[in-house]
Novice: 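This is the structure I have questions about; it appears just below.
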There are 2 protein chains.
Amino acid sequence: MASNEAPDIVVGRLPIYLRALTFMAEEGREITSSQELSEKLGISSAQIRKDLSHFGEFGKQGTGYEIAYLRDQLKRILHVEHTWPVALAGYGDLGHALANYGGFAAKGFEIVALFDTAPHKIGQELAGKQVRDLAELPTVVREKNIKVAIVAVPSAEAQGVANMLVESGIKAILNYAPINISVPADVQVQYIDPAAHLQHMTYYLE
Amino acid sequence: MASNEAPDIVVGRLPIYLRALTFMAEEGREITSSQELSEKLGISSAQIRKDLSHFGEFGKQGTGYEIAYLRDQLKRILHVEHTWPVALAGYGDLGHALANYGGFAAKGFEIVALFDTAPHKIGQELAGKQVRDLAELPTVVREKNIKVAIVAVPSAEAQGVANMLVESGIKAILNYAPINISVPADVQVQYIDPAAHLQHMTYYLE
DNA sequence: TAGATTGTTAATCGATTAACAATC
DNA sequence: TAGATTGTTAATCGATTAACAATC
């Protein structure tokens, strides 16, 4: 089929498939099937085949999927064949952990600029990157043509920082502040809220 | 209606409602409506009313919802009227950031025990909590009757740690390792994978 | 060939929305 | 009362699943 109108919920599962395929490739595996992926991920094999069918025909009847090939196709579809430079706003404990996190590189992202407002943080260096004054963010984002940002500032400042990011040309924001932020329709936002996940689970406890 | 069989997708939105209500209460607000919540959260007012109706009747026709009352009801429904003690496995940068994070307390969670395997980390102290050897986890979890855990260890160790947690009586796991873990059906698992969120967004970029 | 697994169709299932009577 | 907003019903919309012809 290979439509270019895949549902967002399907797009959201592609990174999960990509993660599993990357892992299998690292194990030296060459072929997998929707059945095997189903067992590994807890997603039905029919759904996996249907999801992939939105983007093309990647498998062979009777055989399954070539792992490296499907992995590369998913990378292409998700636009992570190349590495996206990422701006990180907020250099507290969380910002520090994110800047130090080694897992982004293999997934297509590299944090290339750190920002904070606290005078004692500005100028600090981490892995060759200096923490800059948040006021310099627009200049740096434009200079480096950064389109992706992570917000790790306190809730009270998140909307203001988001506004700044949007004005500077950022098109995708991963927001760790536990607050909903408003952005124009052409800017993507995703949220990370561990407390919300914990509450979701405690509903089922006791 | 107040059924006791609410869809999981509805349960997952309750923490979002609770977050907004808590924020409004802190602002000194007393009354809100499904319409106002809709605008703040980007969820339709009909859906908000429908979601809440699974659990009871919390509003007044013509008026709306009393913020503090609805907040307290959601806390009760999500079982976060009291604070859950939480075990944290993995004391790297991320573990450190989580242990230091001040946001959990108001949401119903308190990290009460830290675990790692690295000898130079064991014995370190943070906010009155000592980092313990992972081998002590079963004893501590049982002693303190901990039911909720956060996994912040490398992917390669995540399944092993999850097994240990399950055997020790943990019933809810928030997993930061970018890997799917297998647990018995009566154990809840939620995942946090920032790279997956970033890839979800870059699909729409360029 | 015989066996296996895809890609796709049609059926089912579930979630969201629109609309409105009830009522504060 | 008049205006506003809930809770709920029925309709719509969309996602998932089951099944199987195609075919490697």
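The structure presented is a predicted model; accordingly, all values stated were derived computationally and were not measured. Order of the sequence lines fixes the chain letters, A, B, ..., with proteins taken first and strands second; residue numbering starts at 1 for each chain.
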Novice: 5'-most contact on DNA chain D: G62(A) or R13(A), nearest heavy atom basis?
Specialist: R13(A)

Novice: Classify the ring geometry of Y203(B) against H79(A): parallel below 30°, tilted from 30° to 60°, perpendicular beyond 60°.
Specialist: parallel

Novice: What nucleotide among dT17(D), dG7(D), dA18(C) has an atom nearest to a side-chain atom of A46(B)?
Specialist: dA18(C)

Novice: Would you say S34(B) places a side-chain N or O within less than 4.0 Å of OP1 or OP2 belonging to dT5(D)?
Specialist: no

Novice: Figure out the CD1/P separation between I48(A) and dA15(D), and round it to whole Å.
Specialist: 17 Å

Novice: Please confirm whether the shortest side-chain N or O distance from R49(B) to OP1 or OP2 of dT6(D) is below 4.0 Å.
Specialist: yes

Novice: Taking 4.0 angstrom as the limit, do E36(A) and R29(A) come out as a salt bridge?
Specialist: yes

Novice: Could you give the CG-to-P distance, from L70(A) to dG7(C), as a whole number of Å?
Specialist: 9 Å

Novice: Between atom CG in L52(A) and atom C1' in dT5(C), what is the gap in whole Å?
Specialist: 13 Å

Novice: What is the distance, rounded to the nearest whole Å, between atom CD of Q61(A) and atom C1' of dT8(C)?
Specialist: 11 Å

Novice: Tell me which nucleotide, if any, is Watson-Crick or G-U wobble paired with dA4(C) when both distances must be under 3.5 Å.
Specialist: dT23(D)

Novice: Please report the distance, rounded to the nearest Å, between NZ in K50(A) and C1' in dG14(D).
Specialist: 10 Å

Novice: Under 4.0 Å: is that the gap between some side-chain N or O of T63(A) and OP1 or OP2 of dT5(C)?
Specialist: no

Novice: Would you say R132(B)'s side chain and L134(B)'s backbone share a donor-acceptor pair under 3.5 angstrom?
Specialist: no

Novice: How long is the line joining CZ of F58(B) and P of dT23(C), in whole Å?
Specialist: 19 Å

Novice: Mind calculating the distance between CG (D51(B)) and P (dT6(D)) to the nearest angstrom?
Specialist: 13 Å

Novice: Write down the distance between CG (D8(B)) and C1' (dT16(D)), rounded to a whole number of angstrom.
Specialist: 16 Å

Novice: Which nucleotide wins on minimum distance to the side chain of Y65(A), given the candidates dA15(C), dG7(C), dT6(D)?
Specialist: dG7(C)

Novice: Start with the C-alpha gap between H200(B) and Q190(A), add the side-chain angles, then the distance that decides, and say whether side-chain contact (heavy atoms from CB on, under 4.5 Å) holds.
Specialist: CA-CA 9 Å; H200(B) 186 163; Q190(A) 294 267 326; 3.6 Å; yes

Novice: Heavy atoms from C-beta onward define the side chain here; which of dT8(C), dC24(D), dT17(C) lies closest to that of E57(A)?
Specialist: dT8(C)

Novice: State which of dG7(D), dT17(C), dT17(D) makes the closest approach to the side chain of S44(B).
Specialist: dT17(C)

Novice: Does H197(B) reach the main-chain N or O of P194(B) with its side chain, forming a donor-acceptor pair under 3.5 Å?
Specialist: no

Novice: Over all strands shown, is S45(A) touching base, sugar-phosphate only, or nothing at heavy-atom distances under 4.0 angstrom?
Specialist: nothing

Novice: Strictly by Watson-Crick or wobble contacts shorter than 3.5 Å, is anything paired with dA10(D), and which nucleotide is it?
Specialist: dT17(C)

